[in-house]
K.L.:
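Please see the structure below; I have some questions.
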Amino acid sequence: MYSLLRRFASASITNVKNANFLRGYASFTVRDVTHEISDETGTLLIRFAKHIATERYKCEEHVLPPSNVRYSDYFPITDERYFRRTLQSTQADQLPSLIIHASSYRSNAAAPMYVAALNALDAHALAQLKQMDTSTVLESLYAFLFLMPNWLRRTDFYHAAMRRLTNETSCSKERFLQICFYLGLQKQLENNLETLLATQLSDHLPSFSPLDLALVANASYKTSTLVTGAVRDAYEAALVDATLNVKLVPNSSDDALLICYVKALRLQRVQDERVCEYLQQICLNPVELSQLQPRGLAHIFAYFSEMRWDHTESVQAIVKQLLQFKPHELRAKDLATFIWCCAQLNCNLTAAQIKQLEIVALRKLDHGEYDRFPDQLVDTCLSLCILGHHSKQLFDAAEELKANQRQRYRAQPKVDSRLILLRSAVAIEHPEWTDVRKEQVFKEFARAPGYLLKQREDLTIYANQLAKDTEVEGVDLVCPIVGINLPSLRVQTHGDDATVYFVELLTTNQTLKFSQSANSLIRLKRRLLEALGHRVVLLQSAEMANNAQTLHQLLEQAPAARNEDSPQLQGLKN
């Protein structure tokens, strides 16, 4: 198949008759050149590219023969067939120089001729790959990167070169960084980078500069590659130290390095309060906070959320800063992350602020920004729901987009589970919006599955204690709301005034650090149960009563305790 594609890619596309036919097979088409600007790329990519350009000359293994390629021998292209014949006689080690010369040709070339040159260079580089040593492969990749920063991944040569480079069993630090950089451009789940990091990262990590570490961390994050094995602890410690040593100086680009480290910490699930305290200082410094871009702020906010770090002043500073950005400055992904963080950390947003967020989401919906990413719309709707705000327009759009999603993208268990929960919330709080009935989403006696109870011995212990109480008729471990897989205790008392309570035992991981309030799912679960007319008590698992009688008294005192903000029922308030 690849040989067929390469054959089409090498064919002439200047012939109008064949142009439409070859559009789907060549690496590049005339439309790419006339409608896209490949030179516009991220500043971080440029910084990394410059870094590996410098580092490759420090590598003793990186030895290239002198260039004997002359621009006039190839460009300008007057006869495409002559160009291809000349190109086929070019030695593999001379290709990097020729690709660099093509960048000079671009400004004067007609679009069809330039596209023909790109496709021919790609095809010839691919054909010569077996004759290239590693230095020439890396030099050719850099030449293509120089020629087309955003288009490198579209070349056949890039993908073949990646398969070749992953077979490098041992190399210098400089060569290791180059390979990591190019592998990090794949932006897809593959084992190539994982194998490289597992076998060679430990050898080079001690000599890394901050920029070296950021380059590897960025590649790891972009490809969703976890660093595991013996080097994991050292890598995570290096990330923490590098984060704490970043100094945000005005007019510098160190904020990009900081966000690189934070993203890598999130991927590795590193929870370190020193990082939170450092990021908190940045948030409380208006000058430093103003240097961060929206996506960077979203990552810091997300790290706070994952750490349950609900420090009021720093959270409010982030919210205020993000709300100042114009809608077009926030990607739909950043908006979804922002609202999710607000829901996770129980931010006290005003009605006007929540409405502002809804309007931004509706604008992005109108502009089609969710068309390819219905998961971001589902996340946005659910987070707004947790904050106590429902938007029928967004809900209907989320249902429609998810239903119309192409078949090969439908297997998204996490997104589907969030949509199920969103439907449950809408069915309970706005039943007129959906055909789903309350009876379908509220299962009072639905037994909690065993896998949810494996690490919740506290629930089992208290259930057994309560069952022995003479005033308790029965205790069940249930998951009453469809879509919320968090077990609850359903407690029913004896007598004429028999009462049913749902008891939530909050673990440390379900409790925010400073306010000690429940996490977002527990708060939503409690709200939905109360909307159905049931009484809910939230108790800290680590501070539970020692016996069933005391717990029963707390249950009876629950309504009064809520009104009086009893310290024994921390987290009872939203």
K.L.:
Mind checking what makes ring pair (Phe, Tyr, Trp, His ring centres under 6.0 Å) contact with Phe157, not counting sequence neighbours?
P.N.:
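Counting only residues at least two positions away or on another chain, Phe157 forms a ring pair (Phe, Tyr, Trp, His ring centres under 6.0 Å) with Phe144.
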
K.L.:
Measuring from atom CD1 of Ile52 to atom SG of Cys180, what distance do you get when rounded to the nearest 0.5 angstrom?
P.N.:
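That separation rounds to 11.0 Å.
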
K.L.:
Take atom CZ in Arg295; do more than 12 heavy atoms of anything else shown fall under 6.0 Å from it?
P.N.:
no

K.L.:
State, yes or no, whether a side-chain contact exists between Leu248 and Leu289 at a heavy-atom distance under 4.5 Å.
P.N.:
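Side-chain contact under 4.5 Å: no.
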
K.L.:
Compare every heavy atom of Glu306 with every heavy atom of Trp340, then report the nearest pair and how far apart it is.
P.N.:
CH2-CG, 4.3 Å

K.L.:
Say whether Glu358 and Ser391, considering side chains only, have a donor N or O and an acceptor N or O under 3.5 Å apart.
P.N.:
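Indeed, the side chains of Glu358 and Ser391 share at least one donor-acceptor pair under 3.5 Å.
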
K.L.:
Below 4.5 Å, heavy atoms only, C-beta onward: do Leu177 and Tyr182 meet side chain to side chain?
P.N.:
no

K.L.:
So among Lys364, Lys333, Arg331, which one has a salt bridge (charged side-chain N to carboxylate O under 4.0 Å, His left out) with Glu369?
P.N.:
Lys364

K.L.:
Please report the shortest heavy-atom distance between Glu139 and Pro96, naming the atom on each side.
P.N.:
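For Glu139 and Pro96, the tightest heavy-atom pair comes out as CG-CB, 3.6 Å.
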
K.L.:
Quick check against the 3.5 Å criterion: does Asp212 have a side-chain atom that pairs as donor or acceptor with the backbone of Ser209?
P.N.:
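Here the side-chain-to-backbone pair exists.
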
K.L.:
Using a 3.5 Å distance criterion without hydrogens, assess whether the side chain of Asp334 forms a donor-acceptor pair with backbone atoms of Ala298.
P.N.:
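No: the side chain of Asp334 does not pair with the backbone of Ala298.
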
K.L.:
Between Arg363 and Asp366, does any NZ, NE, NH1 or NH2 come within less than 4.0 Å of an OD or OE carboxylate oxygen?
P.N.:
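Salt bridge flag = no for Arg363 with Asp366.
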
K.L.:
Could you go through Asp272 and Thr243, starting from their C-alpha distance and side-chain angles, then the distance that decides it, and tell me whether this counts as side-chain contact (heavy atoms from CB on, under 4.5 Å)?
P.N.:
CA-CA 11 Å; Asp272 194 308; Thr243 302; over 6 Å; no

K.L.:
Please answer whether the main-chain N or O of Asp379 pairs with a side-chain N or O of Ser383 as donor and acceptor at a distance below 3.5 Å.
P.N.:
yes

K.L.:
Donor-acceptor pair, Thr54 side chain versus Lys50 backbone, under 3.5 Å?
P.N.:
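Yes, the answer is positive, given that a donor and an acceptor are paired below the 3.5 Å cut-off.
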
K.L.:
Would you call Asp254-Lys247 a salt bridge at under 4.0 Å N-O?
P.N.:
no

K.L.:
Looking at Asp416 and Lys402, does any basic side-chain N land under 4.0 Å from a carboxylate oxygen?
P.N.:
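Looking at Asp416 and Lys402, the cut-off is met.
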
K.L.:
Could you give the distance from CZ (Phe304) to SG (Cys276), rounded to the nearest 0.5 Å?
P.N.:
6.0 Å

K.L.:
Ser103 side chain to Ile99 main-chain N or O, any donor-acceptor pair under 3.5 Å?
P.N.:
no

K.L.:
I need the minimum non-hydrogen distance between Ala264 and Ala217, along with the two atoms involved.
P.N.:
CB-CB, 3.7 Å

K.L.:
Find the distance between CD1 (Ile318) and SG (Cys283) and round it off to the nearest 0.5 Å.
P.N.:
3.5 Å

K.L.:
Report the distance from atom CD of Glu194 to atom OG of Ser224, rounding to the nearest 0.5 Å.
P.N.:
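Rounded to the nearest 0.5 Å, the CD-OG separation comes to 11.5 Å.
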
K.L.:
Considering only heavy atoms from C-beta outward, does the side chain of Leu394 approach that of Leu384 to under 4.5 Å?
P.N.:
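A side-chain contact exists here, since the closest heavy-atom pair is under 4.5 Å.
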
K.L.:
Looking at CG of Leu421 and SG of Cys385, how far apart are the two atoms once the value is rounded to the nearest 0.5 Å?
P.N.:
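The distance works out to 7.0 Å.
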
K.L.:
Nearest heavy-atom pair of Leu129 and Ala160: which atoms, and what distance?
P.N.:
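In terms of heavy atoms, the two residues are closest at CD2-CB, 3.6 Å.
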
K.L.:
Do Val275 and Val270 pass the side-chain contact (heavy atoms from CB on, under 4.5 Å) test, and can you show the C-alpha distance, the side-chain angles, and the key distance before you say yes or no?
P.N.:
CA-CA 10 Å; Val275 174; Val270 178; over 6 Å; no

K.L.:
Tell me whether Gln271 at atom CD has more than 12 heavy atoms from other residues, nucleotides or ligands lying less than 6.0 Å away.
P.N.:
yes

K.L.:
A quick test of your reading: do over 12 heavy atoms of other residues, nucleotides or ligands sit less than 6.0 Å from CD of Gln91?
P.N.:
no

K.L.:
Tell me every residue that passes ring pair (Phe, Tyr, Trp, His ring centres under 6.0 Å) with Phe176, counting only those two or more places apart in sequence or in another chain.
P.N.:
His204

K.L.:
Passes side-chain contact (heavy atoms from CB on, under 4.5 Å), Tyr370 versus Asp375? Steps please.
P.N.:
CA-CA 8 Å; Tyr370 294 113; Asp375 58 310; over 6 Å; no

K.L.:
Could you walk me through whether Leu323 and Leu357 pass the side-chain contact (heavy atoms from CB on, under 4.5 Å) test, one step at a time?
P.N.:
CA-CA 8 Å; Leu323 287 174; Leu357 293 174; 3.8 Å; yes

K.L.:
Considering residues at least two apart in sequence or located in another chain, which fulfil the ring pair (Phe, Tyr, Trp, His ring centres under 6.0 Å) criterion with Phe373?
P.N.:
none

K.L.:
Where the side chain of Tyr261 meets the backbone of Pro210, is there a donor-acceptor pair that is under 3.5 Å apart?
P.N.:
yes

K.L.:
Hey, does the side chain of His299 reach the backbone of Lys263 with a donor-acceptor pair shorter than 3.5 angstrom?
P.N.:
no

K.L.:
I'd like to know if the side chain of Arg175 pairs up with that of Ser135 as donor and acceptor (distance under 3.5 Å, no hydrogens or angles considered).
P.N.:
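A pair is found: one side chain offers a donor N or O, the other an acceptor, under 3.5 Å apart.
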
K.L.:
Under 3.5 Å, which donor-acceptor pairs link side chains of residues 232-242 to any protein atom two or more places apart or in another chain?
P.N.:
{"residue": "Arg232", "atom": "NE", "partner": "Glu236", "partner atom": "OE2", "Å": "2.7"}
{"residue": "Arg232", "atom": "NH2", "partner": "Gln268", "partner atom": "O", "Å": "3.0"}
{"residue": "Glu236", "atom": "OE2", "partner": "Gln268", "partner atom": "NE2", "Å": "3.0"}

K.L.:
Salt bridge (charged side-chain N to carboxylate O under 4.0 Å, His left out) with Asp371: which residues, sequence neighbours excluded?
P.N.:
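Salt bridge (charged side-chain N to carboxylate O under 4.0 Å, His left out) list for Asp371, sorted by chain: empty.
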
K.L.:
Please work out which of the three classes, parallel, tilted or perpendicular, describes the rings of Phe181 and Phe48, given edges at 30° and 60°.
P.N.:
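Taking Phe181 first and then Phe48, their aromatic rings stand perpendicular (interplane angle over 60°).
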
K.L.:
For the side chain of His124 and the backbone of Ala92, is there at least one donor-acceptor N/O pair under 3.5 Å apart?
P.N.:
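Between the backbone of Ala92 and the side chain of His124 there is no qualifying donor-acceptor contact (under 3.5 Å).
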
K.L.:
With distance as the sole test, does Glu399 use its side chain to make a donor-acceptor pair with the main-chain N or O of Asp396 at under 3.5 Å?
P.N.:
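Pair absent, no side-chain N/O of Glu399 close to backbone of Asp396.
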
K.L.:
Should we say atom CD of Gln393 is surrounded by more than 12 heavy atoms from elsewhere, each under 6.0 Å from it?
P.N.:
no

K.L.:
Given Met162, which of Leu185, Ile179, Leu141 fulfils the side-chain contact (heavy atoms from CB on, under 4.5 Å) condition?
P.N.:
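Of Leu185, Ile179, Leu141, side-chain contact (heavy atoms from CB on, under 4.5 Å) with Met162 is met by Leu141 alone.
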
K.L.:
Rounded to the nearest 0.5 Å, what separates atom CD in Gln344 from atom SG in Cys342?
P.N.:
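Answer for the CD-SG pair, Gln344 versus Cys342, is 10.5 Å.
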
K.L.:
Any donor-acceptor pair under 3.5 Å linking the side chain of Arg418 with the backbone of Val378?
P.N.:
no

K.L.:
Restricting to salt bridge (charged side-chain N to carboxylate O under 4.0 Å, His left out), what partner residues turn up for Glu288, sequence neighbours left out?
P.N.:
none

K.L.:
Among Thr337, Leu330, Leu335, exactly one meets side-chain contact (heavy atoms from CB on, under 4.5 Å) together with Leu322. Which residue is that?
P.N.:
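Among Thr337, Leu330, Leu335, the one that satisfies the side-chain contact (heavy atoms from CB on, under 4.5 Å) with Leu322 is Leu330.
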
